[in-house]
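Working notes, structure below.
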Amino acid sequence: MSPPVKLLGTFSSGFSRRAEAALRLKGVPYELIQEDLSNKSELLLMHNPIHKKVPVLLHGDRAVCESLVIVEYIDEAFDGPPLLPIDPFDRATARFWARFIDDKCSTSFWLSLWTEGEVQKGFVKEFKQNLALLETQIKGKRFFGGDTVGYLDIAASGIAHWLPVFEEVASVRLVTDAEYPDLCRWAKEYTSHETIKESLPEREKLLAIFTAKKDFFMSTVKSMVPK
């Protein structure tokens, strides 16, 4: 009998939802433990003492941290449809583009939302250039790995579901069908997938949460912008 699976996460975290998507796609039963990051639990601090962040996957007495690491662990530890490609080169390519999303796209996206003037224009240009590169990876395909949702789709899920909400909160338009037709088509395919829909937070609730935090987002970005 497999040890119980628990996931420490938060409602609005796209990183937590990556882990949920993977668990649901693999058909793994799990208990979701909602964390209050303003008052972190002893369970979270004990199992992720380095970063003290969600998500954390608990599989019996084992703890796995960091969303993409968790997705790979789920893929390897449980039966079910594979999330990463079978071919070693394709697996390496999927991992490369997942890191590209987290390392290159995320920061330029965030700074595009909350900066102003010429500084903002520079980050918008950088983000759009990154999206154009990502667009080439989905062109002519239903999902990044082919006909089924996989690892790279999960890694890119923030673009599909969270990005439009942040655009509305910040009153900034970054992604249009005209500029990125394949990414926009993919986003609709991903968010309408029956299993994936179960792992996505309600848009209106996300909008309310992020709107309430807008001033906080804008203040924290100041420390990220080079002087």
Side-chain angles (χ1 to χ4, degrees), residues 12-15 17-18 21 53 66-69 71-72 83-85 89-146 149-193 196 200 203 206-207 210 213-214 216-227:
S12 61
S13 169
F15 298 107
R17 300 293 180 154
R18 282 174 170 177
K53 294 179 179 179
E66 299 294 313
S67 63
L68 292 178
V69 177
V71 172
E72 291 198 40
L83 302 177
L84 275 158
F89 176 76
D90 292 339
R91 290 167 75 90
T93 301
R95 289 187 177 109
F96 171 85
W97 285 105
R99 293 311 318 172
F100 173 81
I101 290 167
D102 278 4
D103 295 343
K104 296 288 289 182
C105 295
S106 295
T107 300
S108 58
F109 164 64
W110 195 243
L111 294 173
S112 295
L113 293 173
W114 311 115
T115 51
E116 297 176 332
E118 292 302 314
V119 173
Q120 184 181 46
K121 288 180 182 178
F123 287 121
V124 169
K125 180 180 179 181
E126 180 184 346
F127 180 61
K128 285 179 174 288
Q129 288 172 340
N130 289 335
L131 281 186
L133 293 172
L134 199 59
E135 173 94 347
T136 66
Q137 298 303 303
I138 193 62
K139 192 173 184 63
K141 296 184 287 188
R142 183 181 180 194
F143 298 108
F144 281 100
V149 173
Y151 174 79
L152 190 50
D153 301 289
I154 295 171
S157 58
I159 296 171
H161 191 67
W162 281 260
L163 183 148
V165 179
F166 279 117
E167 285 182 319
E168 184 171 342
V169 174
S171 299
V172 175
R173 191 69 190 276
L174 298 170
V175 180
T176 65
D177 288 328
E179 285 184 287
Y180 309 104
D182 293 292
L183 270 177
C184 290
R185 174 198 47 76
W186 162 81
K188 293 172 185 175
E189 288 264 18
Y190 182 81
T191 55
S192 62
H193 187 279
I196 292 299
L200 296 176
R203 189 186 192 283
L206 273 187
L207 184 62
F210 294 151
K213 292 183 176 180
K214 182 176 180 178
F216 171 74
F217 295 149
M218 295 180 72
S219 65
T220 56
V221 154
K222 292 179 181 178
S223 64
M224 299 173 63
V225 178
K227 301 296 183 183

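All values reported here derive from a predicted model rather than from experimental measurement.
The closest side-chain heavy-atom distance from L152 to T93 is not below 4.5 Å. Between I159 and L131, the closest side-chain pair of non-hydrogen atoms falls below 4.5 Å. At a threshold of 4.5 Å between non-hydrogen side-chain atoms, the residues R18 and L68 count as touching. Here the side chains of L183 and V175 are not in contact, with every heavy-atom distance at 4.5 Å or above. Between W186 and K141, every side-chain heavy-atom pair lies at or beyond the 4.5 Å cut-off. Between V169 and L207, some side-chain heavy-atom pair lies under the 4.5 Å cut-off.
Looking at Y180, its side chain does come within 3.5 Å of a backbone N or O of K128 through a donor-acceptor pair. Between the side chain of D182 and the backbone N or O of E135 there is no donor-acceptor pair closer than 3.5 Å. In this structure a side-chain-to-backbone donor-acceptor pair under 3.5 Å is missing from S106 to D103.
Contact between S112 and Q120 at its shortest, heavy atoms only, is O-NE2, 2.9 Å. Residues P85 and R91 share a closest heavy-atom pair of O-CG, 2.6 Å. Of all non-hydrogen atoms in I101 and A155, the two that sit nearest each other are CG2-O, 3.8 Å. Of all the heavy atoms in S192 and E189, the pair that sits closest is OG-O, 3.2 Å. Here the closest heavy-atom approach between residue C105 and residue S108 is recorded as O-OG, 3.2 Å. Closest approach of T107 to M224, counting heavy atoms only: CG2-CE, 4.4 Å.
Expressed to the nearest 0.5 Å, how far OG of S67 lies from CD1 of I154 amounts to 10.0 Å. The structure places CD of E72 at 4.0 Å from OH of Y151, a figure rounded to the nearest 0.5 Å. Atom-to-atom distance recorded for L134:CG and K104:NZ is 13.0 Å, nearest 0.5 angstrom.
Between W97 and F100, the ring-plane angle classifies as perpendicular under the 30° and 60° cut-offs.
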Let's go through L174 and L113 carefully: what are the C-alpha distance in whole Å and the side-chain angles of both, what is the deciding distance for side chain to side chain contact (heavy atoms under 4.5 Å, CB included) to 0.1 Å, and is it a yes or a no?
CA-CA 9 Å; L174 298 170; L113 293 173; 4.1 Å; yes
Is there a side chain to side chain contact (heavy atoms under 4.5 Å, CB included) between I138 and R185? Walk through the geometry before answering.
CA-CA 9 Å; I138 193 62; R185 174 198 47 76; 3.9 Å; yes
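Within the structure, every pair that satisfies the side chain to side chain donor-acceptor pair (under 3.5 Å) test and touches residues 159-171, not counting sequence neighbours, is listed here: E168-R203. Applying the ring pair (Phe, Tyr, Trp, His ring centres under 6.0 Å) definition to pairs two or more places apart or across chains, those involving residues 107-134 are F109-F127, W110-W114, W110-F166, W110-F217, W114-F217.
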